[in-house]
Number of protein chains: 2
Amino acid sequence: MTAERTERVTIRHVAHNAGVSVATVSRVFAGSNSVSEELTSRVLDAARDLGYTPHAVAQSLASGRTRVVGVLVPNLANPYFYALIKHMLHEADRDGYRLIVADSDESLAAEPALGMSLLGRSDGLVLLSPRCNAEVLTELSRQGKPITVVNRQIDELGLSSVLVDNFTAMRKLAQHTIDLGHRRLVYLQGPARSWQERERWRAMRTIRAPGVSVTPVRAGGTMEDGHAAVPRILAADCTAVLAHNDLTAIGVIAGLQERGLSVPQDMSVTGFDDIPFARFTNPALTTVHSPQEEIGRAAWRITAGMLHGDRPGARTLLTTEPVIRASTAPLM
Amino acid sequence: MTAERTERVTIRHVAHNAGVSVATVSRVFAGSNSVSEELTSRVLDAARDLGYTPHAVAQSLASGRTRVVGVLVPNLANPYFYALIKHMLHEADRDGYRLIVADSDESLAAEPALGMSLLGRSDGLVLLSPRCNAEVLTELSRQGKPITVVNRQIDELGLSSVLVDNFTAMRKLAQHTIDLGHRRLVYLQGPARSWQERERWRAMRTIRAPGVSVTPVRAGGTMEDGHAAVPRILAADCTAVLAHNDLTAIGVIAGLQERGLSVPQDMSVTGFDDIPFARFTNPALTTVHSPQEEIGRAAWRITAGMLHGDRPGARTLLTTEPVIRASTAPLM
DNA sequence: ATACCGCGAGAAAGCGGTTACAAGCGACGC
DNA sequence: GCGTCGCTTGTAACCGCTTTCTCGCGGTAT
């Protein structure tokens, strides 16, 4: 393969070959209908012959739009997040936008820099379950570009957001275990700075029923965290454990089974999110169906709206319901 | 919130406030050491006061480098891929690069356009398990930018690649089930155009042992595909099923369990990839550990090398081994 | 003292597009 | 017959930064 230094074909070459001005070529590629058919086809022919492709970066600089939107995820290893991303990806794609993804890996400190960096190369930003404080969000919004926050309630700033009613769903899920006869519950806490965690835990603290106790156990958001929490769960002498999310629930179930305990006979376990795996675990996981597809779609629609000039501040609140599967059972 | 039309702070403002030329400001931000300390600090002070941030798009246009690398994934819903991406993301980050991700969703037709689009906004491209044919790859490589292909052997073109020895690992895994006494095996085929699938199936076809039969059953790459294949697996009257990957294996196990069969007592099941979930399923999945972290790292190193001028054509071949867990057992 | 060298700094020409503005031109109304 | 309008097309000024080239200057070899 010879390293032929192919000079890039620019709009000027096309203009020259088609015998028109660069403006006309630009118009043709922008889909403007104010160019005569005659010139349009001459431009298109010349472009095809030369193998011209518009230079995306130059277009961005000149037009001030990148047709890219950044997405900041706290942890790409959680199927919950990539399900969201996957749906956003498709919605964005059909609008001609690309998504640029960064993973903060649950690092609070990394969020501001990553967010800024994403914003620098994009027209807007979607923050999934951001852990950062309001100052950072203010700083980011100061760039004047659309920002959509998912799974985090922000009232102060004029940011748009997509929220799921974690509180009500968690209450319903807890009620389900209580209805099954469980009295000593453990709530397995997730990432400390997560809004969803705060909502879920807040819901658990409102549980008031005769004889019912809720013991919090610290964990985190991963399967390993759930797995590692098992000794502490057992020490709490409970009959049901409500995990922060599906991932930790899966870890808990594996840990219990390794110790010869069976779920749900010896212990009921619930998750939250309803990731695709939840249906396929053994036993299938009782959880809360968080509408990942709708969230992804809503996040994109709101963002796209702002890119087209909508005022920020739109708020979408989605509701969600428990999904009862096989990991919970009546107390024996 | 007032919609203050904040004019962007440009390099010129900084230059003016610092009493130097724009060239000097540019040099300071580029980390050139040919600027005197005196001027360097004046520039830095002015930049801080004004809240200046270099305009990434303009930098890209002027320098010809975007500091972005595109990644094309066939299916973001497979943890195998996002594990790769996650590791690449981190490697790239420490080199000051961003990754821009697109998901072709197993659509062969979508790959060329997505690849081109990614390439247009980036300095290079990483194709994960691409399904497209050689012509498309040639077309993409014509752009003159570094392309790294992961999990796909390409000899003709001068592309760099990272490969895992699927063939040997699959043979070893099959041998494992044979050693356990199984004779009637089913191989559950994955995505047709996947190189990994071809390698794995090729390995299965080399199995020659007295009384051993291997029956192929078509499926796909997802949990649903594995789940849906269960009737056909049962019809094949086998005692062990080797699935294309972990996801389908998980689907198969769930399907078997729904029918009251237990794994591994009634049926041994294996996967491939060793996604994080494989350790936490019930029973824990016997699979092949595909070194996702190393692959991600290698893919980035090779790509980064080419970005720094290395010649393309580098090839990394990784080996991998079966991981025996609890989803396989001796034939009763 | 003269010529030369090296180095720090600035001027200016791009990078490849977009788009405001102007111009040309045929049609139409009065 | 002339002013006006509308539509297509071209001219050229950016978008914000990088980088080459040039220049001025102080220091060293001759």
Side-chain angles (χ1 to χ4, degrees), chain A residues 5-44 46-47 50-68 96 119-123 143-145, chain B residues 5-44 46-47 50-68 96 119-123 143-145:
Chain A
R5 275 250 50 74
T6 335
E7 280 307 303
R8 177 169 246 290
V9 178
T10 75
I11 199 171
R12 277 169 238 275
H13 299 134
V14 178
H16 180 254
N17 274 31
V20 300
S21 71
V22 295
T24 300
V25 178
S26 176
R27 289 190 186 105
V28 168
F29 276 83
S32 159
N33 50 4
S34 75
V35 180
S36 70
E37 279 194 22
E38 154 74 7
L39 291 197
T40 299
S41 62
R42 256 160 62 194
V43 166
L44 257 22
L50 293 163
Y52 169 72
T53 327
H55 192 291
V57 174
Q59 287 181 311
S60 298
L61 179 60
S63 67
R65 283 174 282 103
T66 62
R67 311 228 98 197
V68 170
L119 220 38
R121 327 184 160 287
S122 59
D123 296 340
Q143 295 288 308
K145 295 181 180 174
Chain B
R5 274 246 52 72
T6 335
E7 280 307 303
R8 176 170 247 288
V9 177
T10 75
I11 200 171
R12 275 170 244 276
H13 299 134
V14 178
H16 181 254
N17 273 32
V20 300
S21 72
V22 294
T24 299
V25 178
S26 175
R27 290 189 185 107
V28 168
F29 275 84
S32 158
N33 50 5
S34 76
V35 180
S36 71
E37 279 194 20
E38 156 72 10
L39 292 196
T40 299
S41 62
R42 257 161 59 195
V43 166
L44 258 22
L50 293 163
Y52 169 72
T53 326
H55 190 290
V57 174
Q59 287 181 311
S60 297
L61 180 60
S63 67
R65 282 173 283 105
T66 62
R67 309 227 99 199
V68 170
L119 220 37
R121 331 185 159 285
S122 60
D123 296 340
Q143 295 288 308
K145 295 181 180 174

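Chain naming here is simple, since letters A, B, ... match the order of the sequence lines and numbering starts at 1 in each. Since we're looking at a predicted model, the values are computed, not measured.
Nearest heavy-atom pair across Tyr52(A) and Ile11(A) is CE1-N, 3.6 Å. Nearest heavy-atom pair, Lys145(B) versus Ser122(B), reported as atom, atom and distance to 0.1 Å: NZ-O, 2.9 Å. The shortest non-hydrogen separation linking Val14(B) to Ala46(B) is O-CB, 3.9 Å. Of all non-hydrogen atoms in Asp123(A) and Arg67(A), the two that sit nearest each other are OD2-N, 2.8 Å. Shown here for Arg42(B) and Gly19(B), the closest heavy-atom pair between the two residues is NH2-O, 3.4 Å.
In this structure His55(A) satisfies the side chain to side chain contact (heavy atoms under 4.5 Å, CB included) test together with Arg8(A), Val57(A), Ala58(A), Leu61(B), sequence neighbours excluded.
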I'd like to compare against my own output: the B/S/- annotation of nucleotides 17-23 of chain C with a strict under-4.0 Å heavy-atom distance to protein. BBBB---
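With a cutoff of under 4.0 Å to any heavy atom of chain A, the contacted region of DNA chain D is bounded 5' to 3' by dT8(D) to dG16(D).
When heavy atoms are screened at a 4.0 angstrom cut-off, Val20(A) is found touching the sugar-phosphate backbone but no base atom. Heavy atoms of Val35(A) sit under 4.0 angstrom from primed sugar atoms or phosphate atoms, though from no base atom.
Put simply, the side chain of Ser32(A) never gets that close to the backbone of Val28(A): no donor and acceptor are under 3.5 Å apart. Ser26(B) contributes no side-chain N or O that, together with a main-chain N or O of Val22(B), makes up a donor-acceptor pair within less than 3.5 Å.
In this structure, Leu39(B) atom CG and dC7(C) atom C1' are separated by 13 Å, rounded to whole Å.
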